[in-house]
Amino acid sequence: MPLASLVSAKGSPGVTVAAVALTAATHSPEASRAGGVLVELDPSGGDLELLTGAHSGEPSLLVAAADLRRGVGGEVLAGHAVEVVPGVRALVAPASARVAGRAVETVSGRLGTEIAKATGWVLVDAGRWEAHQPTADRLQGADVVGIVCRSTAPSIAHARELVPALRSRSARLAVVLVGRAPYGRTDVAQVFDIPVLGPLEWDMRGLSVLWARGVSSRWLTRTALGRSARAVLDELGDLVDSGAPHRRGSDQR
């Protein structure tokens with residue numbers, strides 16, 4: 001079960017959307033590892049309920065944190081993950097930063113054994129990451145940490161500044177590029193000394209279909225977001241499997 005944690009730097013929103021799209025892509029028939037679950041570990045507060053409209057009472061990350069704190073048996077991911085859009089299950093963080101921060105601190109040190117029980121991908125939406133955060137160790141155990149980066153000059157610059165601090169947390173880093181303008185993948189790859197994956201298309205039509213209808217063969221094959229999410233997931237899988245620097249692809253503009 002590969003574990004990929006997604007983070008962002010200043011000026012690079014979109015981690016939650018990227019995490020949902022990649023989790024949806026794990027349900028593609030062509031995916032090398034079937035299925036996946038999303039864990040929202042954003043200490044600034046969760047966005048999943050707000051973005052998807054899903055509501056199931058108490059945020060499931062709080063319930064999972066309580067069980068982990070008490071040492072309650074059972075499979076936490078399978079038992080507490082809720083459907084946020086059809087076909088995508090997640091541990092949902094509370095919207096309050098104060099409450100979410102405490103839950104993330106509780107879960108971060110205890111979730112490893114639960115992730116080991118998973119049979120498919122585990123995607124973590126770790127939100128904006130900074131080394132001085134009390135919850136900075138929420139990346140612990142990730143097979144790969146993906147820095148979600150928009151193809152704009154400010155986003156690229158801030159993401160590049162994040163790389164040195166992240167190197168001490170994970171041996172395997174990659175940039176998950178979102179969008180292809182004004183800078184394409186080859187342009188962005190010249191700035192980084194880590195693999196650049198994507199781009200993940202910023203496709204409003206595909207996003208609307210995902211929120212409304214969830215995972216479907218139509219979304220996976222007929223929307224730019226679905227097709228690009230499958231491609232980025234494959235690249236993440238290759239990176240996890242190889243343990244070697246990922247081959248940088250050609251510009252896709």
Side-chain angles (χ1 to χ4, degrees), residues 1-8 15-16 18-20 22-24 26-27 33-52 54-85 87-146 148 165-166 168-172 236 240:
M1 82 19 280
L3 168 61
S5 292
L6 301 181
V7 301
S8 73
V15 176
T16 301
V20 173
L22 291 172
T23 306
T26 67
H27 297 280
R33 299 171 178 86
V37 64
L38 172 58
V39 181
E40 195 173 29
L41 293 185
D42 187 343
S44 65
D47 291 329
L48 272 174
E49 282 194 348
L50 298 174
L51 287 171
T52 66
H55 181 69
S56 57
E58 188 173 17
S60 51
L61 184 68
L62 289 181
V63 182
D67 279 0
L68 289 169
R69 191 183 299 114
R70 297 194 306 267
V72 174
E75 296 188 6
V76 169
L77 289 183
H80 296 310
V82 298
E83 196 169 64
V84 290
V85 297
V88 176
R89 295 177 61 79
L91 287 183
V92 178
S96 163
R98 180 178 57 83
V99 179
R102 289 203 303 266
V104 171
E105 284 190 68
T106 298
V107 167
S108 295
R110 297 177 169 92
L111 203 57
T113 55
E114 298 303 319
I115 289 172
K117 300 174 186 177
T119 57
W121 278 95
V122 177
L123 280 300
V124 172
D125 170 6
R128 181 172 167 179
W129 187 88
E130 296 178 4
H132 67 268
Q133 290 173 323
T135 57
D137 65 350
R138 63 190 183 277
L139 306 181
Q140 183 178 4
D143 295 300
V144 60
V145 173
V148 176
L166 283 170
S168 65
R169 305 281 175 166
S170 174
R172 204 167 301 163
L236 282 171
V240 169

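- The shortest side-chain heavy-atom distance between Val124 and Leu111 does not fall under the 4.5 Å cut-off.
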Side chain to side chain contact (heavy atoms under 4.5 Å, CB included) assessment of Leu139 paired with Leu166: CA-CA 9 Å; Leu139 306 181; Leu166 283 170; 3.5 Å; yes
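- A donor-acceptor pair under 3.5 Å links the side-chain atoms of Ser60 to the main chain of Val92, judged by distance alone.
- Nearest approach of Gly101 to Thr135, heavy atoms of both residues: O-CG2, 3.9 Å.
- Taking every heavy atom of both residues into account, Glu130 and Ala136 meet most closely at O-CB, 3.8 Å.
- Residues Gln133 and Arg128 come closest through the heavy atom pair NE2-O, 3.1 Å.
- Smallest separation of non-hydrogen atoms from Pro59 and Ala93: CB-C, 4.0 Å.
- With respect to Leu123, the side-chain contact (heavy atoms from CB on, under 4.5 Å) criterion is satisfied by exactly one of Val39, Val20, Thr26, Leu3: Thr26.
- Inter-residue side-chain proximity for Asp47 and Asp125 is flagged as unmet; no heavy-atom pair is nearer than 4.5 Å.
- In plain terms, the two heavy atoms of Asp42 and Ala100 that are nearest each other are O-CB, 3.7 Å.
- Under the 3.5 Å distance criterion, the side-chain polar atoms of Glu40 are left unmatched by any main-chain donor or acceptor of Thr16.
- In plain terms, the two heavy atoms of Leu38 and Ala19 that are nearest each other are CD1-CB, 3.6 Å.
- Of the possible polar contacts, none joining the Arg69 side chain to the Thr106 backbone as a donor-acceptor pair under 3.5 Å is found.
- Under the 4.5 Å side-chain criterion, counting only non-hydrogen atoms from C-beta, Val104 is in contact with Leu61.
- Here the side chains of Asp67 and His80 are in contact, with some heavy-atom distance below 4.5 Å.
- For the pair Leu22/Trp121, no side-chain contact is recorded, criterion being any heavy-atom separation below 4.5 Å from C-beta on.
- Not a single donor-acceptor pair under 3.5 Å links the side chain of Asp143 to the backbone N or O of Ala4.
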